[in-house]
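Here is the structure we will look at.
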Amino acid sequence: MKNRIFLSSPHMSGNEQVYIKEAFDTNWIAPLGANVDGFEDEIATYARSEGASAVSSGTAAIHLALDLLGVGKGDSVFCSSLTFIATANPILYLGAEPVFIDSDEDSWNMSPFALEKALIEAKTVGNLPKAVLIVNLYGQSAKMDELMTLCDAYGVPVIEDAAESLGASYKGKKSGTFGKFGVFSFNGNKIITTSGGGMLISDDTELLERSRFLATQARDQAKHYQHSVVGYNYRMSNVLAGIGRAQLKVLDERVNARRAVFERYVEALGEIDGLEFMPELEDSYGNRWLTTLMLNPDKIELTPYNLIDALAEENIEARPVWKPLHLQPLFEGCKYYSHGENDDVSLRLFERGLCLPSGSNMTLEEQGRVITLLKKHLIGVSSK
Ligand SMILES: *Cc1c(COP(=O)(O)O)cnc(C)c1O
C-alpha cells in the first residue's frame with residue numbers, strides 16, 4: 001500500500017521542543033505561564049489586535065465570545081450555515097437559537113444579501129440577534145465590508161470565526177480582526193497547531209480580561225473559593241502554548257506553501273471543463289487552508305463521492321464540503337435565509353464540492369499522485 005496522503009496533517013517546524021523544554025525546565029506544566037503569555041502577545045502582534053486570550057479550543061473561544069456578548073436563553077444568534085458544527089454548538093450550550101444564513105457563490109461565505117433579508121425581518125418583529133457569527137471558510141475571508149456595514153447599521157456585534165483563516169487578510173487587515181471578537185483554532189488539522197487549542201482575540205482588553213476570568217472557573221476575588229457566575233475550565237496549557245509559539249513563527253511560510261499547493265492543482269486541473277475552484281475575493285488574500293472545488297454536474301458525470309472513493313482506494317484522503325447546518329438533524333426547525341428565492345447556494349456547494357489534500361508538508365510527488373488519479377477519473381488520462 002502506498003503511503004497515506006492526508007487532507008491536512010500537523011506540520012512541525014522543529015523548534016517546538018525548545019519551548020516545551022523551557023516549560024519543563026521551569027516546571028510550568030500548568031494552564032498558565034510564560035508560554036501562554038508569550039503566545040497571546042505574539043498572536044495579538046501578528047493579527048494587530050489589542051489583545052488575545054489562549055484557550056483550550058476554538059469551540060471554547062466561540063463559547064466565551066457568545067457568553068461575553070450576553071447571549072442566553074431565548075436569544076437568537078445569526079450564523080453562517082456552510083461551516084463545521086463547532087461554529088454553532090456553543091449557541092446551543094447557552095440555550096440560544098441559531099438562525100442560519102446562506103453563502104454566496106463569489107466567497108462561499110455568508111451572503112450579505114441573505115443577511116440583510118434576515119436582519120430586516122428580525123427588526124420588523126423586534127427580535128434582532130444578540131450576535132452574528134461569520135465564518136471564513138477554508139481560509140477565505142467573507143465579504144467583511146458588506147457584512148460589517150450591515151451589522152453596524154443594525155447595531156449587532158460580530159464574532160468572526162477565523163478558525164480556518166489564520167494568516168489570511170482582507171483589504172490588508174488580518175482575518176479575525178473585523179468583529180468584536182475573532183476566534184482561531186489550533187486543532188491538529190488547522191494551518192498551525194498546538195495539537196489542540198484556540199485563541200480569542202479582540203480590541204476590547206476589558207472583555208478579554210473577563211474572558212480569562214470566565215475561562216478559569218469564574219473565581220471571585222476572595223481568600224476562599226467564591227463564585228457568583230457560571231465559569232468554565234478553558235485555559236490553554238503552558239506546554240501546548242509552547243508548541244503554538246514555534247508554529248506561529250512559520251505561519252506565513254505555511255500560508256505560502258498552502259497557496260502553492262492550490263496553484264499546482266489549478267495548473268494541472270484548471271483546464272478540465274466543469275471543474276470550478278473556489279474563487280478568491282478581490283483585495284483579499286486567503287490562506288488556502290484547503291483546496292476546494294466544485295464539480296459542475298452539467299459537464300461532469302462523477303459526483304464528489306465517486307472521486308473521494310477513488311482516492312481512498314489509493315490511500316488518499318479527500319472530503320466533501322461541510323454539510324450546511326440548516327440541513328443537519330440537530331438543527332431541524334431552525335430558521336434559514338437563502339441567498340436567492342429558489343437558490344440555496346450552501347446546499348449546492350455541499351452537493352458539488354470537494355476538498356483535496358492540501359497539507360503544507362505534502363510533497364510534490366504526493367500531490368502528483370493526487371493529480372494523476374483525478375485526471376484519470378475526470379478525463380480518462382492515465383500517466384503510467
Ligand atoms: C476547527 C473549527 C472550529 C473549532 O475549532 P476547535 O479548536 O476544533 O474547537 C470552529 N469553526 C470552524 C469553521 C472550524 O473549522
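Start at 1 and go down the list; that is how both ligands and their atoms are numbered.
- Sorted by first and then second residue, the pairs that involve residues 184-231 and meet ring pair (Phe, Tyr, Trp, His ring centres under 6.0 Å), not counting sequence neighbours, are F39-F186.
- Aromatic ring pairs are classed by plane angle as parallel below 30°, tilted from 30° to 60° and perpendicular above 60°; the pair W108 and Y138 is perpendicular.
- In this view, K117 satisfies the salt bridge (Lys or Arg N to Asp or Glu O under 4.0 Å) rule with no residue, not counting sequence neighbours.
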Is there any protein N/O under 3.5 Å from an N/O of ligand 1, and what does the full list of such pairs look like?
| residue | atom | partner | partner atom | Å |
| --- | --- | --- | --- | --- |
| ligand 1 | 5 (O) | S185 | OG | 3.2 |
| ligand 1 | 7 (O) | G58 | N | 2.8 |
| ligand 1 | 7 (O) | S185 | OG | 2.7 |
| ligand 1 | 9 (O) | G58 | N | 3.3 |
| ligand 1 | 9 (O) | T59 | N | 2.9 |
| ligand 1 | 9 (O) | T59 | OG1 | 2.5 |
| ligand 1 | 11 (N) | D161 | OD1 | 3.3 |
| ligand 1 | 11 (N) | D161 | OD2 | 2.8 |
| ligand 1 | 15 (O) | E164 | OE2 | 2.5 |
| ligand 1 | 15 (O) | K190 | NZ | 3.3 |

Worksheet item: Run the side chain to side chain donor-acceptor pair (under 3.5 Å) check on S9 and N361 step by step: do they pass?
Response: CA-CA 8 Å; S9 72; N361 50 1; 3.3 Å; yes
Pairs under 3.5 angstrom only: tabulate donor-acceptor contacts from the side chains of residues 290-297 to other protein residues two or more places apart or in another chain.
| residue | atom | partner | partner atom | Å |
| --- | --- | --- | --- | --- |
| N296 | OD1 | D298 | N | 2.9 |
| N296 | ND2 | E276 | OE2 | 3.4 |

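- Taking all atoms of both residues into account, the shortest heavy-atom contact from V36 to R235 is CG1-NH2, 3.5 Å.
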